[in-house]
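Heads up, the thing below is written out as structure tokens.
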Amino acid sequence: MRKKVTKAIFPVAGLGTRFLPATKSVPKEIMTLVDRPLIQYAIDEARAAGIKEFIFVTSRGKGALEDYFDTAPQLEAELRKKGKDDLLELLKNTNMDSGAIAYIRQHKAMGLGHAVWCARRLIGNEPFAVILPDDVIAAEKPCLQQMVEAYEETGGNIVAAMEVPQEKASSYGILDVKEDMGSIVSVRGMVEKPATGSEPSNLAVIGRYILTPRVLSNLNKIKVGAGGEIQLTDAIAQEIEADRPVYGYRFRGQRFDCGSKAGFLQATVSFALSRPDLRDELAMFLQSVVAEQRAAQ
Ligand code: UTP
């Protein structure tokens, strides 16, 4: 029997420089899409996939994240007094059972691989998921749940993959595909941020992973890679070199890169348009903006 994936790491220790000055005092993961912070989307996705232990790799200035998952007795008492049961219900989703959530500090932003490695003692000898909250995925079946189901079939290491245009490939880890089996591809190699023209395929790795604990052992020995950071991709690629399986999983859904301003805005519009309470008003506004722009051209 394969061990179930019940632990997830959320690396949230990055500096978020693309959103300065906002991220000077607000963690990127607390920024909101409509009315929910990015981290709530990630947590909901993890819960849907059966995750029971939530491990945050944080850094200085991320205190708002810890408060977000705590109870808020004063606010809750006030809402109860006013009979706002719907809002109390909404807040329930933001609470975590005692012991279900852990925070580990990454003392220096040395890269995603290093952030994941910081959580090694809490993972132990089990398969685990990694979720990057700035990749938000709108999907009928949440992306991590799709991946857990694939993992139950294949085992090994699984990275979420999506097709990207060639000119964008140099911003991602790119898969070298051994065999394409449709939603799953087996992987011969992975290159982090390849120079344009040298990319082995158009399949890019995005921020969802299911990994074996061996990847953590690999991280013990990994040296600084692309961009002067310790790369998670390098530690996964070592599994391939050791002849252990790594798969790419073409998830069904739409991914928004909320680590970039354009992606964040697109996600905001898209999520707002999917909300019955906002859809009509926003659609009308967008139409008028586009019409004005056309007229001005
Ligand atoms: P990014 O590459 O988006 O970096 O990290 P960043 O610092 O968050 O943002 P920019 O590029 O400066 O605007 C991808 C994910 O990896 C985490 C980030 O928090 C984010 O979730 N990360 C990155 C760490 O936890 N530690 C690191 O050292 C680097």
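Computed from heavy atoms alone, side chains included, the values below leave out hydrogens, waters and symmetry copies. The shown structure was predicted, so the numbers you read here are calculated from the model rather than taken from an experiment.
Judged as a side-chain hydrogen bond (donor to acceptor under 3.5 Å, both in side chains), and not counting sequence neighbours, the contacts of Arg275 are Asp35, Asp277.
Separation of the Tyr209 and Phe128 ring centroids does not fall under the 6.0 Å cut-off. Taking the ring centroids of Phe69 and Phe54, they lie at or beyond the 6.0 Å cut-off.
Under the 3.5 Å distance criterion, with hydrogens and angles disregarded, no donor-acceptor pair is assigned to the side chains of Glu179 and Ser186. Inspection of the His114 and Glu229 side chains reveals no N or O donor paired with an N or O acceptor under 3.5 Å. Looking only at atom types and distance, the side chain of Thr212 has a donor-acceptor partner in the side chain of Asn157 under 3.5 Å away.
Remark: side-chain polar atoms of Ser201 are paired, donor with acceptor, to backbone N or O of Leu203 under 3.5 angstrom. With hydrogens and angles ignored, the 3.5 Å screen pairs no side-chain donor or acceptor of Ser59 with any backbone N or O of Gln106. Within the 3.5 Å criterion, the main-chain N or O of Gly263 finds a donor-acceptor partner in the side chain of Ser260.
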Just do the side chain to side chain contact (heavy atoms under 4.5 Å, CB included) check on Tyr68 and Ile30 with the steps written out, would you?
CA-CA 8 Å; Tyr68 180 77; Ile30 287 291; 4.0 Å; yes
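Sorted by first and then second residue, the salt bridge (charged side-chain N to carboxylate O under 4.0 Å, His left out) pairs involving residues 241-255 (not counting sequence neighbours) are Asp135-Arg255, Glu163-Arg250, Asp180-Arg250, Glu239-Arg244.
At a threshold of 4.0 Å, the pair Lys7-Glu126 counts as salt-bridged, since one of the basic side-chain nitrogens sits closer than that to a carboxylate oxygen. Ionic pairing of Glu78 and Lys84 is not present here: no N-O contact between side-chain nitrogen and carboxylate oxygen is shorter than 4.0 angstrom.
Hydrophobic cluster membership of Leu79, counting Ile, Leu, Val, Met, Phe, Trp and Tyr whose side-chain heavy atoms lie under 4.5 Å apart directly or via other members: Leu75, Leu87, Leu88, Leu90, Leu91.
Results of the side-chain hydrogen bond (donor to acceptor under 3.5 Å, both in side chains) test with Thr233 over Gln238, Lys193, Glu192 single out Glu192 as the only residue that passes.
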